[in-house]
Amino acid sequence: MIKVLIADDQELIRQSLSIVLGIETDIQVAGAVENGLEVMRFIRKEKPDVILMDIRMPKMDGVVCTQIVKENYPEIKIIILTTFDDDEYVFNALKYGASGYLLKGISTKELAGAIRKVYHGTAMINEDIASKVVKLFSQMAQTNLAVQVDEKLTEGLKLSERQIIALVGRGLSNKEIAGKLGLSEGTVRNSLSGILSKLALRDRTQLAIWAVQTGAVNQEIEGR
């Protein structure tokens with residue numbers, strides 16, 4: 001059972017999400033709160049698996065809350081669910097470790113699917129803003145926010161690992177990478193963990209940024 005916490009300052013949204021997600025047999029709405037401070041209070045008592053986080057909330061907004069949650073509870077997955085697709089919000093939410101960024105126009109079926117995917121380690125970004133994210137990554141490569149990796153750390157990368165890095169940089173999920181390379185999802189997950197360790201990177205987002213800024217994203221792919 002996937003335990004979900006809903007964080008939104010609008011009561012109607014909280015109630016609606018609780019009802020529609022409550023229908024899913026493998027998803028349990030563990031709680032619903034109206035701001036980031038309440039999120040932190042809730043987490044101290046009961047840790048959810050996934051948080052659906054609004055951006056604009058009183059007392060503590062979703063971006064700040066995401067940063068604090070991921071610093072203290074890195075295992076908790078966060079999906080930003082909002083009406084806003086402003087560059088700054090997208091950038092900061094992903095920078096601080098959000099696993100997904102979805103707009104509130106998403107269907108119930110798509111939202112439930114996104115929760116499952118994020119829970120299992122896949123990043124989910126709304127199609128409407130996916131191109132914006134790629135653009136942001138490219139811009140970051142030209143600034144002091146670019147991800148730095150010691151060149152010596154890249155020397156031990158295997159061909160298969162370089163291919164996985166390229167596909168992560170192109171925004172593919174673990175499942176899509178597995179299909180592309182003829183591997184199991186488990187193998188991709190394990191390889192990804194090994195890659196992050198080798199390159200001393202924090203997460204998938206940093207790896208994707210590094211792949212774009214260095215051109216590793218252009219690695220030739222040889223699948224089955």
Side-chain angles (χ1 to χ4, degrees), residues 1-7 21 24-30 39 43 47-53 62 65-81 90 93-102 106 109-127 129-130 133-134 137 147 149 157-158 160-212 216-217 219 221 223:
M1 187 70 72
I2 306 173
K3 292 196 298 184
V4 175
L5 172 63
I6 298 166
L21 292 177
E24 304 295 326
T25 57
D26 59 339
I27 295 175
Q28 172 194 352
V29 177
V39 168
I43 290 176
K47 291 185 180 63
D49 298 306
V50 178
I51 300 175
L52 293 181
M53 186 90 74
C65 188
T66 294
Q67 181 182 14
I68 295 173
V69 170
K70 295 303 290 185
E71 285 177 351
N72 293 278
Y73 307 95
E75 71 280 4
I76 296 178
K77 304 295 194 301
I78 297 176
I79 297 176
I80 300 296
L81 184 62
V90 175
L94 296 176
K95 181 178 72 173
Y96 292 136
S99 298
Y101 197 110
L102 305 174
I106 191 172
K109 181 178 179 181
E110 289 172 323
L111 178 58
I115 290 171
R116 295 185 186 100
K117 288 181 179 179
V118 164
Y119 175 72
H120 290 293
T122 300
M124 288 297 300
I125 300 177
N126 189 283
E127 289 183 2
I129 59 175
V133 173
V134 173
F137 282 174
V147 175
V149 172
L157 290 173
K158 303 173 185 175
S160 60
E161 291 175 324
R162 293 181 183 277
Q163 291 179 331
I164 289 173
I165 290 170
L167 294 175
V168 167
R170 297 175 198 177
L172 273 66
S173 68
N174 286 354
K175 183 177 181 180
E176 290 169 330
I177 292 172
K180 194 86 170 175
L181 299 179
L183 303 171
S184 68
E185 282 190 68
T187 298
V188 173
R189 270 196 306 273
N190 292 337
S191 295
L192 191 52
S193 295
I195 291 167
L196 293 176
S197 179
K198 282 184 179 181
L199 300 182
L201 294 176
R202 184 184 67 240
D203 52 32
R204 188 190 196 98
T205 301
Q206 281 196 331
L207 181 62
I209 295 169
W210 179 78
V212 171
V217 71
Q219 169 75 42
I221 306 300

Heavy-atom side-chain contact between I165 and L207 under 4.5 Å: yes
M53 side, atom CE; T66 side, atom OG1 - distance, nearest 0.5 Å: 4.0 Å
Nearest heavy atoms of L102 and I79, plus distance in Å: CD1-CG2, 3.8 Å
Atom of A216, atom of A166 and distance for their closest heavy-atom approach: O-CB, 3.4 Å
CA sep, side-chain torsions, deciding dist, call: L5, I76, side chain to side chain contact (heavy atoms under 4.5 Å, CB included): CA-CA 10 Å; L5 172 63; I76 296 178; over 6 Å; no
With sequence neighbours excluded, residues passing side chain to side chain contact (heavy atoms under 4.5 Å, CB included) with E161: L157, K158, I195, K198
Euclidean distance, L172 CG relative to L181 CG, rounded to 0.5 Å: 9.0 Å
Pair E75 + K47, salt bridge at N-O below 4.0 Å: no
Chi angles and distances behind the side chain to side chain contact (heavy atoms under 4.5 Å, CB included) call for I115, L52: CA-CA 9 Å; I115 290 171; L52 293 181; 4.2 Å; yes
Distance-minimising heavy-atom pair for A208 and V168: CB-O, 3.9 Å
Beyond-backbone contact of I68 with V39, side-chain heavy atoms, under 4.5 angstrom: no
Distance in Å, Q28 CD paired with D49 CG, rounded so as to fall on 0.5 Å steps: 9.0 Å
Results of side-chain hydrogen bond (donor to acceptor under 3.5 Å, both in side chains) for T187 - residues two or more places apart only: S184
Shortest non-hydrogen contact from N174 toward G121: ND2-O, 4.2 Å
Value rounded to 0.5 Å, distance of CD in Q67 from CG in N72: 10.0 Å
Residue pair L81, I106: steps toward the side chain to side chain contact (heavy atoms under 4.5 Å, CB included) verdict: CA-CA 9 Å; L81 184 62; I106 191 172; 4.1 Å; yes
Intermediate values then yes/no, side chain to side chain contact (heavy atoms under 4.5 Å, CB included), L167 and E176: CA-CA 9 Å; L167 294 175; E176 290 169 330; over 6 Å; no
Least distance between heavy atoms, I43 atom then P48 atom: CG1-CD, 4.0 Å
Nearest non-hydrogen partners of D203 and L196, listed with the distance: O-CD2, 3.4 Å
Over 12 foreign heavy atoms within 6.0 Å of NZ, K70: yes
Point-to-point distance, once rounded to the nearest 0.5 Å, from CE of M1 to CD of E24: 11.0 Å
K117 NZ to K77 NZ distance, which is reported to the nearest 0.5 Å: 15.5 Å
Sub-4.5 Å side-chain heavy-atom contact between V4 and Y119: no
